[in-house]
Undergrad: 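Handing you a structure now.
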Amino acid sequence: MKRSEPFSVLYIDDHLVALNKASGLLVAQDRWDPDVLRLDNLATERICTDGQRLYAVHRIDKDTSGLVIYARTEEAHRTLSMAFQEREIHKSYHCLVHGRPAWDETEVSIPLRIDGDERHRTVRDRKGKESVTLFRYIGPAGPYSWIEAQPVTGRTHQIRVHLQLSGLSIACDPLYGDGEPLYLSKIKRSWRGDSFEERPLLDRLALHAWKMKLNHPITGEALELCAPYPKDLDTTRKQLAKIFKTDPLGPLSE
């Protein structure tokens with residue numbers, strides 16, 4: 001998916017559709033600005049005809065790119081919503097973080113409360129809702145690391161907060177990290193470009209909803225859906241791999 005495209009269709013049938021969305025695009029109505037551009041509206045215009053609609057069954061953050069599914073019928077909506085509620089759908093995210101984790105795999109179980117401070121961030125709260133994320137270290141990328149995250153629960157900003165509370169932050173995260181864009185000049189010693197003209201490799205949250213495993217809501221068939229990296233994240237991956245001569249993701253991002 002090119003960065004200029006708001007989304008691409010990964011899978012579609014009469015009952016559900018899987019989309020690969022760009023970062024910066026809401027998946028459903030926002031309580032702060034009901035008129036803002038949204039994935040569900042854009043997809044409805046392209047996909048639906050004769051009064052058909054899309055039914056939301058889950059959400060991902062506006063700043064996160066990647067895989068989103070919608071039901072296309074009321075029956076599929078009921079079945080998929082229940083599957084998400086019962087944690088029968090397995091989701092995997094990839095992210096680029098600063099530094100190195102002290103683990104190869106870990107489970108973070110820290111209760112969270114959404115909208116917990118003046119910046120509307122999600123915060124640790126012992127009286128908050130149960131929140132569990134499984135993390136796996138994929139490999140190094142110079143001063144960064146690639147991490148796979150599997151959220152068991154689905155709290156707002158859960159992956160970002162659980163990483164922050166574990167001493168890590170996702171690159172370019174404006175809420176739970178330093179928010180600084182990733183520039184080639186900062187990581188390549190031999191860089192000889194013009195600092196006034198340089199554009200960042202990445203200037204948005206380096207978190208991507210990569211894969212989902214589920215049973216089809218009508219046929220019961222096992223589905224494995226995968227969203228390729230968008231252009232900005234894939235360019236970042238390739239540049240880091242070239243500079244540091246290691247690509248732990250390899251074909252995973254294709």
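Fair warning: this is a prediction, and the values are worked out from it, not measured in the lab. Numbers here simply count residues along the sequence, with the first being 1.
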Undergrad: If hydrophobic clusters are built by linking Ile, Leu, Val, Met, Phe, Trp and Tyr wherever their side-chain heavy atoms come under 4.5 Å apart, do Tyr11 and Leu67 end up in the same one?
TA: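 Cluster IDs for Tyr11 and Leu67 match.
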
Undergrad: For Ile60 versus Ser65, what's the shortest heavy-atom pair and its separation?
TA: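 Distance-wise, the nearest heavy atoms are CD1-O, 4.1 Å.
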
Undergrad: Is there a donor-acceptor pair closer than 3.5 Å between any side-chain N or O of Thr122 and the backbone N or O of Thr156?
TA: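 Yes: the side chain of Thr122 pairs with the backbone of Thr156.
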
Undergrad: Which is it for Asp61 and His157 under the side-chain contact (heavy atoms from CB on, under 4.5 Å) test, yes or no, and what are the steps along the way?
TA: CA-CA 7 Å; Asp61 295 345; His157 298 171; 3.2 Å; yes

Undergrad: Donor-acceptor check, side chain of His216 to backbone of His15, threshold 3.5 angstrom: yes or no?
TA: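 It does not hold such a pair.
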
Undergrad: Give me the atom names and distance for the closest heavy-atom approach of Leu19 to Val17.
TA: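 Looking at all heavy atoms of both residues, the closest pair is CD2-CG2, 3.6 Å.
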
Undergrad: Can you give me the closest heavy-atom contact between Leu201 and Thr235, atom names plus distance?
TA: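 Nearest pair, atom of Leu201 first, then Thr235: CD2-CG2, 4.2 Å.
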
Undergrad: For Thr49, does its backbone N or O pair with a side-chain atom of Gln52 as donor and acceptor, under 3.5 Å?
TA: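 Looks like yes, one N/O pair under 3.5 Å.
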
Undergrad: About how many Å separate CD1 of Ile138 and CG of Asp247, when rounded to the nearest 0.5 Å?
TA: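 Result: 10.5 Å between the selected atoms.
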
Undergrad: Between the main-chain N or O of Ser185 and the side-chain N or O of Glu198, is there a donor-acceptor pair closer than 3.5 Å?
TA: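 The answer is yes, because a donor-acceptor pair under 3.5 Å joins these two groups.
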
Undergrad: Could you give the distance from CD (Gln150) to CD1 (Ile159), rounded to the nearest 0.5 Å?
TA: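 Gln150 atom CD to Ile159 atom CD1 measures 9.5 Å (nearest 0.5 Å).
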
Undergrad: To the nearest 0.5 angstrom, please state how far the CD atom of Glu45 sits from the CG atom of Leu54.
TA: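 Glu45 CD to Leu54 CG: 11.0 Å, rounded to 0.5 Å.
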
Undergrad: Hey, what do you get for CD (Glu88) to CG (Leu80), rounding to the nearest 0.5 Å?
TA: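 That separation rounds to 10.5 Å.
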
Undergrad: Between Ser81 and Val57, is there a side-chain heavy-atom distance shorter than 4.5 Å?
TA: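 Sidechains of Ser81 and Val57: in contact.
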
Undergrad: Given side-chain contact (heavy atoms from CB on, under 4.5 Å), test Phe135 with Leu168 step by step and report yes or no.
TA: CA-CA 12 Å; Phe135 291 105; Leu168 298 168; over 6 Å; no

Undergrad: Do Leu165 and Leu112 make a side-chain contact, defined as non-hydrogen atoms from C-beta onward lying under 4.5 Å apart?
TA: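 Leu165 vs Leu112: side chains touch.
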
Undergrad: State the CD-CZ distance between Glu197 and Arg199, to the nearest 0.5 angstrom.
TA: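 So the CD of Glu197 and the CZ of Arg199 are separated by 9.0 Å.
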
Undergrad: Would you say the side-chain atoms of Lys21 pair up with the backbone N or O of Lys62, donor to acceptor, closer than 3.5 Å?
TA: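 Yes; at least one donor-acceptor contact below 3.5 Å.
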
Undergrad: Considering only NZ, NE, NH1 and NH2 on the basic side and carboxylate oxygens on the acidic side, decide whether Arg204 and Asp63 come within less than 4.0 Å.
TA: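 Between Asp63 and Arg204 there is no salt bridge, as every charged N stays at least 4.0 Å from the carboxylate O atoms.
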
Undergrad: So, is the end of the Arg72 side chain (NZ or CZ) under 6.0 Å from the ring centre of Tyr70 and within 45° of the ring's axis?
TA: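 Here Arg72 fails the 6.0 Å and 45° test against Tyr70.
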
Undergrad: Thinking salt bridges, do Arg136 and Glu105 make one under a 4.0 Å N-O criterion?
TA: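 No, Arg136 and Glu105 are not salt-bridged.
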
Undergrad: Could you check if a side-chain atom of Cys48 sits within less than 4.5 angstrom of a side-chain atom of Arg53, using non-hydrogen atoms only?
TA: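 When only atoms from C-beta onward are counted, Arg53 and Cys48 do not touch, as no gap falls below 4.5 Å.
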
Undergrad: For Ser169 and Gln164, indicate whether the former's side chain and the latter's backbone hold a donor-acceptor pair under 3.5 Å.
TA: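 Checking the backbone N and O of Gln164 against the side chain of Ser169, no donor-acceptor pair under 3.5 Å is found.
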
Undergrad: Taking Leu175's backbone N and O only, do any of them form a donor-acceptor pair with Arg121's side chain (distance below 3.5 Å, no angle check)?
TA: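 It does hold such a pair.
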
Undergrad: Verify the cluster assignment for Ile12 and Ile89: are they in a single hydrophobic cluster under the rule of side-chain heavy atoms below 4.5 Å apart?
TA: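 No, it is not one cluster - the side chains of Ile12 and Ile89 are not joined through contacts under 4.5 Å.
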
Undergrad: If hydrophobic clusters are built from ILVMFWY residues whose side chains come within less than 4.5 Å, do Leu233 and Leu182 share one?
TA: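 Leu233 and Leu182: one cluster.
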
Undergrad: Is there a path of hydrophobic side-chain contacts, each under 4.5 Å between heavy atoms, that joins Met212 and Tyr229?
TA: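 No.
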
Undergrad: Which pair of heavy atoms, one from Cys172 and one from Pro181, lies closest together, and at what distance?
TA: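 Distance-wise, the nearest heavy atoms are SG-CA, 4.0 Å.
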
Undergrad: Are any non-hydrogen side-chain atoms of Ser145 and Pro101 less than 4.5 angstrom apart?
TA: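 Yes, close enough: below the 4.5 Å cut-off.
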
Undergrad: Could you tell me whether the side chain of Leu205 reaches within less than 4.5 Å of the side chain of Cys95, counting heavy atoms only?
TA: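 The answer is no, as the side chains (C-beta and beyond) never meet within the 4.5 Å cut-off.
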
Undergrad: Output yes when Asp117 and Arg119 qualify as a salt bridge under the 4.0 Å nitrogen-oxygen rule, no when they do not.
TA: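 No salt bridge links Asp117 with Arg119.
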
Undergrad: Give me the atom names and distance for the closest heavy-atom approach of Phe7 to Ala43.
TA: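 That would be CZ-CA, 3.8 Å.
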
Undergrad: Looking at every heavy atom in both His208 and Ala227, which two are closest together, and how far apart are they?
TA: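 Taking every non-hydrogen atom into account, NE2-O, 2.8 Å.
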
Undergrad: So for atom CD, which belongs to Glu74, do other residues, nucleotides or ligands contribute more than 12 heavy atoms lying within a distance under 6.0 Å?
TA: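 No.
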
Undergrad: Under the criterion side-chain contact (heavy atoms from CB on, under 4.5 Å), I'd like the reasoning laid out for Leu225 against Leu214: C-alpha separation, chi angles, the key distance, then a yes or no.
TA: CA-CA 8 Å; Leu225 305 170; Leu214 67 153; 3.9 Å; yes

Undergrad: I want to check something: taking the side chain as every heavy atom from C-beta on, are Arg87 and Val152 in contact at a cut-off of under 4.5 Å?
TA: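 They are in side-chain contact.
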
Undergrad: Indicate yes or no: at least one non-hydrogen side-chain atom of Asp13 is less than 4.5 angstrom from one of Ile218.
TA: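 Side chain of Asp13 against side chain of Ile218, heavy atoms only: no contact under 4.5 Å found.
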
Undergrad: Checking Ser92 side chain against His90 main chain: does a donor-acceptor pair fall under 3.5 Å?
TA: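 Checked: no pair found.
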
Undergrad: Between Arg46 and Glu5, does any side-chain N to carboxylate O distance fall below 4.0 Å?
TA: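 Between Glu5 and Arg46 there is no salt bridge, as every charged N stays at least 4.0 Å from the carboxylate O atoms.
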
Undergrad: Tell me, with the steps shown, if Val161 and Ile110 meet side-chain contact (heavy atoms from CB on, under 4.5 Å).
TA: CA-CA 9 Å; Val161 182; Ile110 299 175; over 6 Å; no

Undergrad: Hey, what do you get for OH (Tyr176) to NE2 (His162), rounding to the nearest 0.5 Å?
TA: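 One gets 11.0 Å once the value is rounded to the nearest 0.5 Å.
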
Undergrad: Within the side chain of Arg155, is there an N or O that forms a donor-acceptor pair under 3.5 Å with the backbone of Ile114?
TA: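 No, because the side chain of Arg155 does not come within donor-acceptor range (under 3.5 Å) of the backbone of Ile114.
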
Undergrad: Show your reasoning for whether side-chain hydrogen bond (donor to acceptor under 3.5 Å, both in side chains) applies to Glu130 and Thr153.
TA: CA-CA 8 Å; Glu130 176 196 20; Thr153 53; over 6 Å; no

Undergrad: Under a 4.5 Å side-chain heavy-atom rule over Ile, Leu, Val, Met, Phe, Trp and Tyr, are Leu16 and Tyr55 clustered together?
TA: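 As far as the 4.5 Å side-chain criterion goes, Tyr55 and Leu16 are not connected within one cluster.
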
Undergrad: Please step through ring-ring contact (aromatic ring centres under 6.0 Å, His included) for the pair His98 and Tyr144, ending with a clear verdict.
TA: CA-CA 5 Å; His98 293 277; Tyr144 303 94; 5.3 Å; yes

